[in-house]
Amino acid sequence: MKAIEISEFGGPEVLKYKEVAEPSPNKNEVRVRLFAAGVNPNEAYIRTGTYSFFIPNLPYIPGFDGAGVVDEIGEDVNNIMVGDRVFVAALLANRNTGTYAQKVVCDASVVHKLPDSISYEEGASLGIPALTAYRALFHRAKIKPGETVLIHGASGGVGSLAVQMAKGIGAIVIGTASSDDGKKLIVTSGADYAIDHVNENNKEEIMSITKNKGPDVIIEFLANINLETDLKIVAQYGRIVVVGNRGNIEINPRLAMIKEADILGLALWNVRPKEYNESLYAVEALLKSGLLKPKMGDVFNLENAKLAHEQIMSKKSPGKIVLSID
């Protein structure tokens with residue numbers, strides 16, 4: 001089968017399109033014929049060999065997320081059948097042969113049914129983004145109906161799904177983006193407000209929207225830039241969930257004391273198995289109900305994974321980047 005394989009760590013150029021052996025499922029495992037694979041920032045970090053959460057043995061086929069059709073099942077698999085349309089979310093699977101390939105073998109427990117209303121490209125946009133959004137809102141922030149949530153970078157793969165989930169339970173949602181296209185995507189995701197990224201110079205807009213109360217919950221994707229501003233605008237007893245960070249920041253802890261605000265870290269690698277499974281079932285149910293519809297970004301052919309990695313690190317386009325697999 002065709003796949004992207006890494007034989008040495010480095011830049012996007014180490015992603016090689018080649019012929020590799022086709023994997024076979026063992027007990028409690030399934031094989032999925034993939035038609036699309038999601039591209040995530042952590043896969044770009046893993047490619048360099050410097051990612052603190054995971055350094056793979058080489059050669060290595062990247063990819064945790066995908067969508068396709070089950071074409072073989074191992075012994076004792078009873079949650080899905082051959083021929084089922086499915087999405088794959090294999091970040092914490094015991095076995096995952098990599099979704100940047102025509103076929104993937106992984107634990108049956110991380111493969112869930114994909115409704116006919118969701119395309120394979122949209123299904124591949126789930127996995128890490130959907131589970132991160134769910135965990136940020138429900139496991140960490142414990143958001144409640146009627147609360148106000150500010151989602152930084154709400155036009156991205158995680159952010160757009162978080163908008164839909166928060167609206168689905170009755171929250172008031174404010175999303176930020178850096179472009180008009182991004183703000184349009186936020187509105188189509190269901191947000192009540194779509195505004196420019198909030199910073200020290202324009203934080204008055206968010207305070208005006210919230211009648212000077214501030215958001216009850218802030219989902220933060222660039223804490224090294226925004227965390228101090230977040231602490232200034234968050235509501236009394238508010239919660240800030242740090243999903244992304246790219247450096248250091250110096251803040252005054254008194255800002256958290258004044259609000260009695262919580263700063264909550266999130267790394268999906270740390271999720272407990274029970275919570276991971278809960279998230280997967282929740283995402284499947286949200287898809288089936290129609291409340292969740294992934295927002296697509298650029299789609300690249302599998303052989304152009306190098307370009308996809310360059311794009312995802314540039315942050316130049318809204319929506320989720322996906323690889324299309326023939």
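On a predicted model such as this, the values are computed, not experimentally measured, just so you know.
- In Asp326, the CG atom is not crowded: 12 or fewer heavy atoms of neighbouring residues, nucleotides or ligands sit closer than 6.0 Å.
- The shortest non-hydrogen separation linking Glu29 to Val77 is O-CG2, 3.5 Å.
- Using a 4.0 Å cut-off between a side-chain N of Lys or Arg and a carboxylate O of Asp or Glu, Lys2 and Glu303 do not qualify as a salt bridge.
- Annotation: cation-pi geometry not satisfied between Arg47 and Phe9 (NZ/CZ under 6.0 angstrom from ring centroid, within 45° of ring axis).
- For Asp84 (side chain) and Met81 (main-chain N/O), a donor-acceptor pair under 3.5 Å exists by modelled atom type.
- The 12-atom threshold is exceeded at NZ of Lys213, counting heavy atoms of other residues, nucleotides or ligands nearer than 6.0 Å.
- Ion pairing between Glu275 and Arg272 holds under the 4.0 Å rule for side-chain N and carboxylate O.
- Salt-bridge check for Arg31 with Asp71: passed, with a basic side-chain N closer than 4.0 Å to an acidic carboxylate O.
- The two residues Val88 and Thr99 make their nearest non-hydrogen contact at CG1-CG2, 4.4 Å.
- Judged by distance alone, the side chains of Asp196 and Asn202 never bring a donor and an acceptor atom under 3.5 Å apart.
- For the atom pair Asn224 CG and Asn245 CG, the distance stands at 4.5 Å (nearest 0.5 Å).
- Taking OH of Tyr60 as the start and OG of Ser7 as the end, the distance is 13.5 Å to the nearest 0.5 Å.
- Lys306 and Glu13 are not joined by a salt bridge, as no carboxylate oxygen comes within less than 4.0 angstrom of a charged side-chain nitrogen.
- By the criterion of side-chain heavy atoms lying less than 4.5 angstrom apart, applied directly or through intervening Ile, Leu, Val, Met, Phe, Trp or Tyr residues, Tyr45 is grouped together with Ile312 in one hydrophobic cluster.
- Side-chain polar atoms of Lys232 and Asn252 form no donor-acceptor pair below 3.5 angstrom.
- Enclosure of atom NZ in Lys113 is not indicated, since only 12 or fewer non-hydrogen atoms of other residues, nucleotides or ligands lie within 6.0 angstrom.
- Closest approach of Lys293 to Gln164, counting heavy atoms only: N-OE1, 2.6 Å.
- Side-chain atoms of Asn226 and His197 include no donor-acceptor pair closer than 3.5 Å.
- The cationic group of Arg140 does not satisfy the cation-pi geometry with Phe138, failing either the under 6.0 Å distance to the six-membered ring centre or the 45° limit from the ring axis.
- Side-chain contact annotation: Glu5 with Tyr17, donor-acceptor N/O pair under 3.5 Å absent.
- Other residues, nucleotides and ligands place no more than 12 heavy atoms under 6.0 Å from the CD atom of Glu8.
- Of all heavy-atom pairs between Glu228 and Ile249, the closest is N-CD1, 3.9 Å.
- No side-chain heavy atom of Leu34 sits under 4.5 Å from any side-chain heavy atom of Gln102.
- Pairing each heavy atom of Pro294 with each of Leu287, the nearest pair is CD-CD2, 4.4 Å.
- Considering Val187, Asp181, Ile186, Thr188 as possible partners of Ser155, the one that fulfils the side chain to side chain contact (heavy atoms under 4.5 Å, CB included) test is Ile186.
- Leu302 and Ala3 make their closest contact through CD2-CA, 4.3 Å (heavy atoms, listed as atom of the first residue, atom of the second, distance).
- With hydrogens and angles ignored, the 3.5 Å screen pairs a side-chain donor or acceptor of Asn199 with a backbone N or O of Asn201.
- Taking the side chain as every heavy atom from C-beta outward, Leu292 and Leu161 approach each other to under 4.5 Å.
- Within 6.0 Å of CE in Met1 there are more than 12 heavy atoms belonging to other residues, nucleotides or ligands.
- Below 30°, between 30° and 60°, or above 60°: for Tyr281 and His112 the angle between ring planes is above 60°, a perpendicular geometry.
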